[in-house]
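Just below is one structure, and these are the notes that go with it.
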Protein chains: 2
Amino acid sequence: MAIRETGGRGPIRGGRGAGRPTLEEVAARAGVGRGTVSRVVNGSPRVSESTRAAVEAAVAELGYVPNRAARALAANRTDAIALVVPEVEHRFFVEPYFSDILRGVGAALDDTDMQLLLTIVGNDRERGRLAHYLAGHRVDGVLVVSLRADDPLPDLLTGLGIPAVISGRRSADEPLPWVDADNVAGAREAVAHLVARGRRRIATITGALDVYGAQCRLDGYRAGLAEAGLPVDESLVVPGDFTEASGRAAMESLLTRDPLPDAVFVASDVMAAGARQVLRERGIRVPEDIAMVGFDDSAIARHMEPPLTSVRQPIEEMGRVMAQTLLTEIARPTLPVGIPRPPQPRLMLPTELVARSSS
Amino acid sequence: MAIRETGGRGPIRGGRGAGRPTLEEVAARAGVGRGTVSRVVNGSPRVSESTRAAVEAAVAELGYVPNRAARALAANRTDAIALVVPEVEHRFFVEPYFSDILRGVGAALDDTDMQLLLTIVGNDRERGRLAHYLAGHRVDGVLVVSLRADDPLPDLLTGLGIPAVISGRRSADEPLPWVDADNVAGAREAVAHLVARGRRRIATITGALDVYGAQCRLDGYRAGLAEAGLPVDESLVVPGDFTEASGRAAMESLLTRDPLPDAVFVASDVMAAGARQVLRERGIRVPEDIAMVGFDDSAIARHMEPPLTSVRQPIEEMGRVMAQTLLTEIARPTLPVGIPRPPQPRLMLPTELVARSSS
DNA sequence: AGGTACGGTGGGAGCGCTCCCACGAGTGAT
DNA sequence: ATCACTCGTGGGAGCGCTCCCACCGTACCT
């Protein structure tokens, strides 16, 4: 993943450091100058068709592969970007979110010569190391996933002038370029779906509300009820924190309401799994007594009993789009001071309701 | 992870490409020559104590960080190694094995300036890309985990002369440098443990036997029985393939034996979990009716009901040792042709039985 | 005919480092 | 005092690229 070659294929040469061909050698073979070969290899349009063909032939014959270090040195780039995960390592491997993002980023980078450095910063020591690393300008750009609102990393990046793209916003007016799923629309659609199924007393279990995305899902829930002409009963809004345990607790709380809700929109599949356990223990049927809709459409949703209707986020696509956006940012020439920068890219990706038998 | 700086700390300078200090500037500031600064930065002993101090002061004041591309170009290195995982991406994230290896490798690399490239090759297209990448000599060495016996990757690496270390052998006479857990001893210990608990009719569920480690565990099982003076009943040896489903199937098969086994050594925790489900469905008690021992000591073992006795492999340490071994290999000067190479490093790490209530 | 423009090209300069050779000062043997 | 080393040091050469400027030829103007 995240590795690719620009040059052509060719006979593999053995031995460590065994004279790999250089630009100069390719140029000699093709009977052209060094600059021309460079132009061909880098896809410049200012090369005649015949010259290009000759150079490409020479590249193929010699099995030329550009020397990345030389290129980086001369062009003052690094051809590497970092994917920063400000989470303890354990979570990185557990949450399917990250593997999907990684797959998308990898896919986007497969068509480039960029290297991807995976950087998991789980503690302050690793944070300090990352800061120093970034200060050393060893990557051309940074992708940040799962950023908390109070994280100092964005300020560091801005101060260093390193292009960055984050997944998920921290607030409505996120200053950094971002890629996010349309959480509001997703939640609204979930509610509309429950309404269409005849539910009228729809509760919600929210995520940690200091996460902007959780707030959006709550807003979408409210908007969905409003659109259906249903009142918002605040006693049916119960906070969770994205953990399974909080889903259990929230559902237990909801079961004290009278009358009981006939549906619940849960802001994550993991919390929905916790809530589901409580319902099973109490003998409450899903979806007959209470319908459920989750969020994330993770593997857990498919494996629940009954399978959980859930709002799918296009996570892999988010990864791909993040990477492409970052590449664009990096390619953009540095503007002279004084000229206002064009607006930051902001990309909201649509969600999709995946209906299963829990609703 | 896998990022580190050699140079000192210092004031962070803002702006993309904003004049980072160079060796030359540090030299001027310290009042010495370029070569001397290079020597200090690279820890050469041939520098006087006073000069060293002066240079280090200048490095700190300017916040000097070596330019990795320039260094790589001049020294004909890349300062990067690849961790190659010949597995579908999904498994990489699911198996705790990989995250532990990664953590160990990361830890070993934290004290160096090496970059780690994670390369998951799940299909032939990615294989081809990796081959081309390696042919381009873009890494100084390669770490391979989870290699299957028929994988052509090792030949490629040998042909290219790229140093490599693999985790787990492919056979008893693995030609590549390797780091492996002592699977035979671990299995033997598991059996001895069951014998000590009074069990006499001990079955085993094996892993996929084309994986050398699985074969070793089976050999250890046989050796353990032999040491206890117990006969090997081949009807109690049932093959699995490391999946949960195969564990279920194997246990169902074992339950047709008469008399039933009173214990089972399962070659992986995941298979043990499958086997456990079958026992629960049949109302067979663990450990009263059948004692169980697993292998890997993964999270799943701790979370089983009852918690599973398991053979722990020092996976994180294996990762660390692999990385250190590779670093040594890379540092070893290329020997002139004709002189026999020193023997390849072979490191067998001990396993440890973690007793819980399933036995 | 001369002038102008421009696409296409060659090659110098230089990126920041490592490697290595040369050189001076100090040390001890002759 | 001379020679032979050693140790510490300075700096030239060069790694393989990209960038850019100068140059050439052709096409199109006046």
Side-chain angles (χ1 to χ4, degrees), chain A residues 5-7 17-55 58-59 62-79 113 136-138 140 331 333-334, chain B residues 5-7 17-55 58-59 62-79 113 136-138 140 331 333-334:
Chain A
E5 294 308 320
T6 309
R20 294 175 47 206
T22 69
L23 249 204
E24 201 102 33
E25 288 166 39
V26 175
R29 173 125 194 167
V32 300
R34 191 162 27 77
T36 301
V37 177
S38 175
R39 254 163 255 143
V40 171
V41 168
N42 291 293
S44 157
R46 342 198 109 267
V47 181
S48 72
E49 218 32 69
S50 59
T51 309
R52 178 183 306 279
V55 170
V59 163
L62 297 176
Y64 171 73
V65 178
N67 181 313
R68 159 182 278 275
R71 177 179 274 181
L73 177 61
N76 191 30
R77 300 174 312 198
T78 66
D79 282 338
D113 212 356
H137 285 274
R138 288 172 164 226
D140 293 334
T334 317
Chain B
E5 295 307 321
T6 310
R20 294 176 46 205
T22 69
L23 249 204
E24 201 101 33
E25 288 167 37
V26 174
R29 173 127 193 165
V32 299
R34 193 163 23 78
T36 302
V37 177
S38 175
R39 256 163 254 144
V40 171
V41 168
N42 292 293
S44 157
R46 339 198 111 269
V47 181
S48 73
E49 218 31 70
S50 58
T51 307
R52 179 181 305 280
V55 171
V59 163
L62 296 176
Y64 171 74
V65 178
N67 180 313
R68 155 181 283 274
R71 176 179 277 183
L73 178 60
N76 191 30
R77 301 173 312 198
T78 65
D79 282 338
D113 212 357
H137 283 274
R138 289 174 164 225
D140 293 334
T334 316

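For clarity, every value in this text was computed on a predicted model and none was experimentally measured. Lettering follows sequence order; numbering is per chain, from 1.
Phosphate contact (OP1/OP2 of dT18(D), side-chain N/O of Asn42(A), threshold under 4.0 Å): present. The side chain of Ser38(B) places an N or O atom within less than 4.0 Å of a non-bridging phosphate oxygen (OP1 or OP2) of dT18(C).
Closest approach of Asn67(A) and Ala69(A) over heavy atoms only: OD1-N, 2.8 Å. Closest approach of His137(A) and Thr78(A) over heavy atoms only: O-CG2, 3.6 Å. Of all non-hydrogen atoms in Tyr64(B) and Thr22(B), the two that sit nearest each other are CE1-C, 3.7 Å. Closest approach of Val47(B) and Arg39(B) over heavy atoms only: CG2-CB, 3.6 Å. What you find for Leu73(B) and Ala70(A) is that their closest heavy atoms are CD1-CB, 3.7 Å.
Between the CG atom of Leu23(B) and the P atom of dC15(D) there is a distance of 19 Å, rounded to whole Å. In this structure, CZ of Arg71(A) is placed 5 Å from P of dT18(D), rounded to the nearest angstrom. Between Asp79(A) atom CG and dT18(D) atom P the separation is 10 Å, expressed in whole Å. Following rounding to the nearest Å, Arg77(A) (CZ) and dT18(D) (P) show an atom-to-atom distance of 7 Å. Note: NE2 (His137(A)) to P (dC15(C)) measures 17 Å, nearest angstrom. The interatomic distance linking Glu25(A) (CD) with dC15(D) (C1') rounds to 13 Å, in whole Å. The separation between Tyr64(A) atom OH and dG16(D) atom C1' is 7 Å, rounded to whole Å. Look at CZ on Arg52(B): it is 15 Å from P on dC7(D), rounded to the nearest Å.
By the 4.5 Å heavy-atom criterion applied to side chains, Arg71(B) and Arg68(B) are not counted as neighbours. A 4.5 Å side-chain heavy-atom check between Val37(A) and Val32(A) finds at least one atom pair inside the cut-off.
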Just the atom pairs and distances: protein N or O near nucleotides 11-13 of chain D's N or O, under 3.5 Å.
residue: dG12(D); atom: N7; partner: Arg34(B); partner atom: NH2; Å: 3.0
residue: dG12(D); atom: O6; partner: Arg34(B); partner atom: NH1; Å: 3.0
residue: dA13(D); atom: N6; partner: Arg34(B); partner atom: NH1; Å: 3.4

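With sequence neighbours left out, the salt bridge (Lys or Arg N to Asp or Glu O under 4.0 Å) criterion links Arg34(A) to Glu24(A).
Considering only side-chain atoms of Ser48(A), the nucleotide from dG8(C), dC19(C), dC19(D) that sits closest is dG8(C).
Across the interface with DNA chain D, nearest-nucleotide mapping of Ala74(B) and Thr51(B) shows Thr51(B) to be the residue nearer the 5′ end.
Side chain of Arg20(A) to backbone of Gly136(B): a donor-acceptor contact under 3.5 angstrom is found.
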At under 4.0 Å between heavy atoms, which parts of nucleotides 23-28 of chain C does protein reach? Answer with one letter per nucleotide, 5' to 3': B base, S sugar-phosphate only, - none.
------
